[in-house]
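Heads up, the thing below is written out as C-alpha cells.
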Amino acid sequence: MLSHKLLTKAGYISQLGAGIFSFTPIGWRVIEKIKNIIRYEMNSIDCHEANFPVIQPSDIWEESGRIDSFIPPLARFKDRRDKIMIIAPTHEESVISLVRSEVNSYRDMPFSLFHIQTKFRDETRPRGGLLRVREFEMKDAYSFHADQNDLDDIYEKFSNAYFNIFNKCGIDVIKVAADSGAIGGKVSSEFISVAESGEDTILKCDICSYAANEEKAEFKKIIKTINNNSIEISEVKTPNIKSIKDLSNFFNLDSYNFIKTMVYFSSKKPVLVSLAGDLEVNETKLKNLLQNDVRLANNDEVVDLGLTPGFISPIGNNFDLILDDSINLKADYILGANKEDIHLSGVVPEKEFNIKSHTDIAKAKKGYLSIDCDDTKCKGMNEYKGIEVGHIFKLGNAYSTKMGLNFLDKEGKQRSVEMGCYGIGVGRLLAAAIEANSNQKELVLNKNISPFHVYIANLNTDNLEVKEASNSIYSDLINSGYEVLFDDRDEGPGVKFNDYELSGVPVRIVISKRSLENSEVEILERGEDKLRMVKIENIDKELSNIL
RNA sequence: CGGGGAGUGGCGCAGUUUGGCAGCGCGCCUGGUUUGGGACCAGGAGGUCCCGGGUUCGAAUCCCGGCUCCCCGACCA
C-alpha cells in the first residue's frame, strides 16, 4: 500500500498495534489541516461543532437495540461500579440522548451538529495502513428535521459540502448510491476516491452518470417473455451438464431461459435463492432482505438437505424460496430436477413454486445497463475500484422512534424526528489523498493540507554567510505568515533533497553558496522540474504566486 | 473466524535444520575528512533472542502452553 509506505517512511505515523497508530507532530499537522477544512465547510452549511464522549454507558445502546447487534461487536469494559461501558464506534445514540431533551417542537428544527472524535471499531482485519484501522478520527454530523423534504434539502447541502472538502484535499470523488450497512436507514451515498488500491468496487455509467457501489447497484435485467403455448413440464436427460454455460450450449438457448438455484444458510436456516441463469447473487442484497447474515452452503450441506448439487430445484421441497425479479413468474423455464443428470423444461414459476419473496437480489456487473440508463444511448456500466472517504445517510426516523426523539408538529400531534447522518474518516481521507497524488518516491499533498507551506534548506551549514542568510530568510518567511520547515541539519544535499521529497511540503527553497553569489535562492515547486532563481527580496512575491 | 508466515540491539535481518562465545547491514555516539542527489575513515555504545513452563551439564535453537504482529480469505462506516 503506497500511502502506508510513504506515511511510515516520511515519519507521519507509527504503528502501535494492529490497526492502531500514533501520529507524529508532522503527521498530526496534516490531520489538523484536514479537520479545519472540514470545520470550515460544516460551518458554511450551518452545522455546529459539538463534542460527544468516547466512553458511553451501555443504557443508550440498549435503547437503540444495537448493544448486541452492532458489527463488529462493541468494545466494552466494566467500570468500578460494575456498570458496562461502551467504547463508541459511532455516535447516533449519544447525539440523540443530548438532542431529545432539547427538541420539543417543529420550531426547534432543522439544525445539525457535528463533532470530530475518536472511534473504536474492533474490525476483524485491519489493513492498508490508515485505510482500515480500529481506532480512528471521524467527523460525523447529524441533522434533525420535522419532515422528510427538509431532510432531503439538507442532505443535498451536505453532499455539496462533501465535494468541497474532498476537492480541497486534492482528491476527485464519485458519489455513488450505497448500502447503508450497520448504520441503518434507507438511502445512503458514498463518496469514492477512485484508486486501484481501493477496497470498494463501484459501477458507473459514464453516459447517464448512474453510479452505485457494487453492493447496491441495480440494473436492467433481461426478462424472458411469456410463451403463448400452454407448455407441459417434461424431464430432459442432461448427462453431467451442470453449469448454466453447458446447459446453454446443450439446449442452444440464451442463459436467461434457465433458472439457477443456490442454497444459503441464514442464521442456520437453509434458504433457496433462484435467479435467471445469466445472473449471480448479490449477498448484500440477500442479507438485507433476510435481515441476517448469509452464507453459501457447501456441497456436503446441500446433499444433507436432500438436494442434488448441480441439479437443485425449488420444486418438491418446503425450503423458503427467494426469487430474483429477473424471473418472469408466467414464463416457462428450464431448471434442475433435483435428480442426477436430469433437468425439467416447461416450468412456469407461478404454478410450481412456493415463493416467499420475489425481488432484486442479483449482482450488477460491468457492461450491464443500470436502471437509470437510456437503452438507446448508454453503453453499459464501467467498473472502478475506489476508497470510500465519506458516507452520508438518510436515517429517517429509524433511531428517533426507538429512542423517543419526538416533537409536536403544527397540528400539535406528536411525531418522531427525521434524521440524517454524515461521516468522513479523517485518517482515511489523508491516505486516500496520498494514494491519489503520490508516487513511490514522493509524498505529494496540496498546499491546503501539506504540513508546512515551504521547506527551506541551508545547503552549506559550515559557511557563515549562507548560515546567516538562511536564518534571516527563515525569519522573514515566518514573519510573513508562512509555515516553514527549516532544514539546517548538517547533512549532505542528497539527504536533504530526498527527505524533502518525502515531506509532503509543496515548495522547496534551497539556499547555497552558489546562488547567494547573485543574492538569489532557488525555488522549486513540487511536480515541476524547472528551478526558479529568485532574488532574496522577491521570495515573498514569488511564493504568493505559487501558494 | 479459516489458512499461511513471523517475533533476535532503534529499524531491517542472519543464526534455529545438526543445542556449545549474541552476529551482520542501516541508524546512533566521539574525532577527523567531505559538502548540489541517500559520502568516507577510525574508534565506540547499545540485547529479558516475545512470554511462561519443561528437557539438558548447557537452549535463540528441542518439547508443551500462551501472547502479539503480518499476509490471503471470510467479514466490514
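Here is how names work: the chains are called A, B, and so on, in the same order as the sequence lines, proteins then strands, and each is numbered from 1. Note that the coordinates shown come from a computational prediction; the quantities given were computed from them, not determined experimentally. Only this structure's heavy atoms are used, side chains among them; waters, hydrogens and symmetry mates stay out.
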**Report entry** Separation of the P atoms in B/G25 and B/G43, to the nearest angstrom
**Finding:** 13 Å

**Report entry** G-U wobble or Watson-Crick pairing nucleotide for B/G10 (cut-off 3.5 Å, both distances)
**Finding:** B/C26

Query - Atom-to-atom span, NZ of A/Lys513 to P of B/U35 - whole angstrom - result: 8 Å

Query raised in the report: A/Tyr142 has an atom OH; how far is it from atom C1' of B/A77, in whole Å?
Result: 10 Å

Query - Pairing nucleotide - B/G37, Watson-Crick or G-U, each distance under 3.5 Å - result: none

Query raised in the report: What does A/Asp462 touch in the nucleic acid at a heavy-atom separation under 4.0 angstrom: a base, only the sugar-phosphate, or nothing?
Result: base

Query - Salt bridge present between A/Lys285 and A/Asp179 (N-O < 4.0 angstrom) - result: no

Requested in this report: Using the P atom on both, measure B/U61 against B/U16 and round to a whole Å.
Outcome: 12 Å

Query - Base B/C70 to side chain A/Arg127, donor-acceptor N/O within 3.5 Å cut-off - result: no

**Report entry** Along RNA chain B (nearest heavy atom to each residue), the more 5'-positioned of A/Asp490 and A/Lys287
**Finding:** A/Asp490

Query raised in the report: Could you state the CG-P distance from A/Leu16 to B/G10, rounded to the nearest angstrom?
Result: 16 Å

Query raised in the report: So what does A/Gly390 touch, heavy atoms closer than 4.0 Å: a base, only the sugar-phosphate, or nothing?
Result: nothing

Report task. Check if the side chain of A/Asp499 and the base of B/G38 share a donor-acceptor pair of N or O atoms closer than 3.5 Å. Result -> yes

Report task. Can you label the angle between the A/Phe163 ring and the A/Phe191 ring as parallel, tilted or perpendicular, going by 30° and 60°? Result -> perpendicular

Requested in this report: Please measure how far the C1' atom in B/A39 lies from the corresponding atom in B/G23, and state the result in whole Å.
Outcome: 26 Å

**Report entry** Atom C1', compared across B/U48 and B/C1: separation rounded to whole Å
**Finding:** 33 Å

Query raised in the report: Do A/Arg526 side-chain atoms and A/Val505 backbone N/O form a donor-acceptor pair below 3.5 Å?
Result: yes

Report task. Just compare B/A77, B/G36, B/G38 and give me whichever is closest to any side-chain atom of A/Glu388. Result -> B/A77

Report task. Under a 3.5 Å limit for both distances, which nucleotide forms a Watson-Crick or G-U wobble pair with B/A77, could you say? Result -> none

Report task. Could you give the distance separating B/G27 and B/C41 at their P atoms, to the nearest angstrom? Result -> 12 Å

Query raised in the report: What about A/Glu522: does its side chain form a donor-acceptor pair under 3.5 Å with the base of B/G36?
Result: yes

Query raised in the report: So what does A/Arg514 hit on the nucleic acid, given a heavy-atom distance under 4.0 Å: a base, only sugar-phosphate, or nothing?
Result: base

Requested in this report: Report yes if a donor N or O on one partner sits less than 3.5 Å from an acceptor N or O on the other, where the partners are the side chain of A/Glu501 and the base of B/G37; otherwise report no.
Outcome: yes

Query - Between P of B/A39 and CZ of A/Arg489, the distance in whole Å - result: 11 Å

Query raised in the report: Rounded to the Å, how far apart are A/Arg295 CZ and B/G73 P?
Result: 20 Å

Query raised in the report: Which part of the nucleic acid, if any, lies within contact of A/Glu190, taking any heavy atom under 4.0 Å across all strands shown: a base, the sugar-phosphate backbone alone, or nothing?
Result: nothing

Report summary line: Side-chain atoms of A/Pro493 come closest, of B/C76, B/G37, B/C69, to B/G37

**Report entry** Residues A/Glu280, A/Lys260: salt bridge by 4.0 Å N-O rule
**Finding:** no

Requested in this report: Take atom C1' in B/C28 and the same atom in B/C69, then report the distance between them in whole Å.
Outcome: 26 Å

Query raised in the report: In terms of side-chain geometry, is the basic nitrogen of A/Glu32 or A/Arg29 positioned less than 4.0 Å from the acidic oxygen of its partner?
Result: no

Requested in this report: Tell me which nucleotide among B/C76, B/A74, B/G36 gets nearest to the side chain of A/Arg125.
Outcome: B/A74

Report task. Please report, rounded to the nearest Å, how far the P atom of B/A74 is from the OH atom of A/Tyr264. Result -> 12 Å

Requested in this report: Using the six-membered ring for Trp and the full ring for Phe, Tyr or His, decide whether A/Phe136 stacks on the six-membered base ring of B/A77 (centres under 5.5 Å, planes under 30°).
Outcome: yes

Query raised in the report: Roughly how far apart, to the nearest Å, are B/G9 and B/A14 at atom P?
Result: 12 Å

Query raised in the report: Is it true that A/Arg127 and A/Glu199 have a side-chain N and a carboxylate O under 4.0 angstrom from each other?
Result: yes

**Report entry** C1' spacing across the pair B/G20 / B/A60, given as an integer number of angstrom
**Finding:** 13 Å

Query raised in the report: Does A/Arg121 make a side-chain donor-acceptor contact with the base of B/A77, cut-off 3.5 Å?
Result: yes

Requested in this report: Rounded to the nearest angstrom, tell me the gap between atom NZ in A/Lys496 and atom P in B/U35.
Outcome: 14 Å

Query raised in the report: Using purine N1 to pyrimidine N3 plus N6-O4 or O6-N4 for Watson-Crick, or N1-O2 and O6-N3 for G-U wobble, each under 3.5 Å, what pairs with B/G2?
Result: B/C72

Query raised in the report: Of the candidate nucleotides B/G36, B/C75, B/G37, which contains the atom at the shortest distance from the side chain of A/Lys441?
Result: B/G37

Report summary line: With the side chain defined as heavy atoms from C-beta on, A/Arg134 is closest, among B/U35, B/G36, B/C69, to B/C69

Query raised in the report: Can A/Glu301 and A/Arg295 be counted as an ion pair, charged N to O under 4.0 angstrom?
Result: yes

Query raised in the report: For A/Asn498, which contact category applies under a 4.0 Å heavy-atom criterion: base, sugar-phosphate, or nothing?
Result: base

Query raised in the report: Charged N to carboxylate O below 4.0 Å: is that the case for A/Lys385 and A/Asp200?
Result: no

Query raised in the report: For A/Gly17 and A/Lys9, take the nucleotide of RNA chain B holding the closest heavy atom to each; which residue's nucleotide lies nearer the 5' end?
Result: A/Lys9

Query - Per A/Ala18 side chain, nearest of listed nucleotides B/A74, B/A77, B/C69 - result: B/C69

Query raised in the report: Who is the Watson-Crick or G-U wobble partner of B/A45, with both distances under 3.5 Å?
Result: none

Query - Given B/A39, B/C76, B/G36, the nucleotide with the shortest approach to the side chain of A/Arg508 - result: B/G36

**Report entry** Length of the CG-P vector between A/Asp529 and B/G37, whole Å
**Finding:** 17 Å

Report task. Classify the ring geometry between A/Phe52 and A/His115 as parallel (under 30°), tilted (30 to 60°) or perpendicular (over 60°). Result -> perpendicular

Query raised in the report: Which one, B/C69, B/A77, B/G37, comes nearest to the side chain of A/Phe497?
Result: B/G37

